Amino acid sequence: QVQLVESGGGLVQPGGSLRLSCAASGFTLHYYAIGWFRQAPGKEREGVSCISSSDNSTKYADSVKGRFSISRDNAKNTVYLQMNSLKPEDTAVYYCAALRGVTATIVCLQYVRKDYWGQGTQVTVSS
């Protein structure tokens, strides 16, 4: 079965950290650019961080630069999003999406149709 599965979300205090995982099954993630997106209640979905399919170049939203880091482990067929110094405004459902053979900039574009989406994982930052 071809799918993306996110994990690692949860409840964390402001200033805390979480690492989200996006694991692929049924296809090889190495050939795909991966984007992490989030959607908070009442807000539009936004691109958070993306990584290209070729040279692992990355892209970050201004709101998370210096706090979040995206990486991939091809041996585990998984992409990670390390989130540090979390803020209440980071609270959202986080989704990963895959698009074959493109740059980080392209996969991060909202209007570009993705090949696969995960089901999402909730991140709540609250004291």
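Nothing here was measured: the structure is a model prediction, and the numbers come from that model.
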Original post:
Tyr32: what forms a side chain to side chain donor-acceptor pair (under 3.5 Å) with it, not counting sequence neighbours?
Top reply: none
Subject >> Main-chain N/O of Val125 paired to Thr91 side chain as donor or acceptor, under 3.5 Å >> reply: yes
Subject >> 4.5 Å side-chain heavy-atom contact, Trp36 and Val79 >> reply: yes
**OP:** Give a yes or no answer on whether the side chain of Ser52 reaches the backbone of Ser57 with a donor-acceptor pair at less than 3.5 Å.
**Re:** yes
Subject >> Check: Ser63 side chain, Ala61 main-chain N or O, donor-acceptor pair, under 3.5 Å >> reply: no
Subject >> Close side-chain approach of Leu11 and Ser126, heavy atoms under 4.5 Å >> reply: yes
**OP:** Decide yes or no for Asp90 and Phe68: does some side-chain heavy atom of the first lie under 4.5 Å from some side-chain heavy atom of the second?
**Re:** yes
Original post:
Taking all non-hydrogen atoms of both residues, which atom of Ser53 and which atom of Ala33 are closest, and how far apart?
Top reply: CB-N, 3.4 Å
**OP:** With sequence neighbours excluded, tell me which residues meet side chain to side chain donor-acceptor pair (under 3.5 Å) with Lys65.
**Re:** Asp62
Original post:
Side chains of Arg38 and Lys43: closer than 4.5 Å at any heavy-atom pair?
Top reply: no
**OP:** Evaluate whether atom CD of Glu44 has more than 12 neighbouring non-hydrogen atoms of other residues, nucleotides or ligands under 6.0 angstrom away.
**Re:** no
Original post:
Are Leu81 and Val107 connected in the hydrophobic side-chain network, where two residues link if heavy atoms are under 4.5 Å apart?
Top reply: no
**OP:** Heavy atoms only: give me the nearest Val5-Gln119 pair and the separation to one decimal.
**Re:** CA-OE1, 3.7 Å
Subject >> Donor-acceptor contact present, side-chain Glu6 to main-chain Cys96, <3.5 Å >> reply: yes
**OP:** For Val2 and Tyr116, run side-chain contact (heavy atoms from CB on, under 4.5 Å): C-alpha distance rounded to whole Å, both residues' side-chain angles, the deciding distance at 0.1 Å, then the answer.
**Re:** CA-CA 8 Å; Val2 175; Tyr116 307 110; 3.1 Å; yes
Original post:
Checking side-chain hydrogen bond (donor to acceptor under 3.5 Å, both in side chains) for the pair Tyr31/Arg100: CA distance, chi angles, key distance, verdict?
Top reply: CA-CA 6 Å; Tyr31 298 110; Arg100 186 178 176 115; over 6 Å; no
Original post:
What residues form a side chain to side chain contact (heavy atoms under 4.5 Å, CB included) with Ile106, not counting sequence neighbours?
Top reply: Leu99, Val102, Thr103, Leu109, Val112
Original post:
So how far is it from Tyr80 OH to Cys22 SG, rounded to the nearest 0.5 Å?
Top reply: 10.5 Å
Original post:
Where the side chain of Arg72 meets the backbone of Asn77, is there a donor-acceptor pair that is under 3.5 Å apart?
Top reply: no
**OP:** Could I get the full list of side chain to side chain contact (heavy atoms under 4.5 Å, CB included) partners for Ser17, not counting sequence neighbours?
**Re:** Gln82, Asn84
Original post:
Closest approach of Val12 and Leu86, non-hydrogen atoms and distance?
Top reply: CG1-CD1, 3.6 Å
Subject >> Donor-acceptor contact below 3.5 Å, side chain Ser49 vs main chain Lys59 >> reply: yes
Subject >> Side-chain heavy-atom pair Met83, Tyr94 within 4.5 angstrom cut-off >> reply: yes
Subject >> Nearest heavy-atom neighbours spanning Thr121 and Leu20 >> reply: CG2-CD2, 4.0 Å
**OP:** Measure the spacing between CG of Leu29 and CG of Leu4 and express it to the nearest 0.5 Å.
**Re:** 6.5 Å
Subject >> Residues forming a side chain to side chain contact (heavy atoms under 4.5 Å, CB included) with Gln110, sequence neighbours excluded >> reply: Phe37, Arg45, Glu46
Subject >> Euclidean distance, Asn56 CG relative to Ile70 CD1, rounded to 0.5 Å >> reply: 9.5 Å
Subject >> Minimum heavy-atom distance Ser85-Arg67, with the two atoms named >> reply: O-NH1, 3.0 Å
**OP:** Taking all non-hydrogen atoms of both residues into account, name the closest pair between Cys50 and Gly35 and its distance.
**Re:** SG-CA, 3.5 Å
Subject >> Counterpart residues, side chain to side chain contact (heavy atoms under 4.5 Å, CB included), relative to Ser25 (two or more places apart) >> reply: Gln3
Subject >> In one Ile/Leu/Val/Met/Phe/Trp/Tyr side-chain cluster, 4.5 Å: Val123, Tyr95 >> reply: no
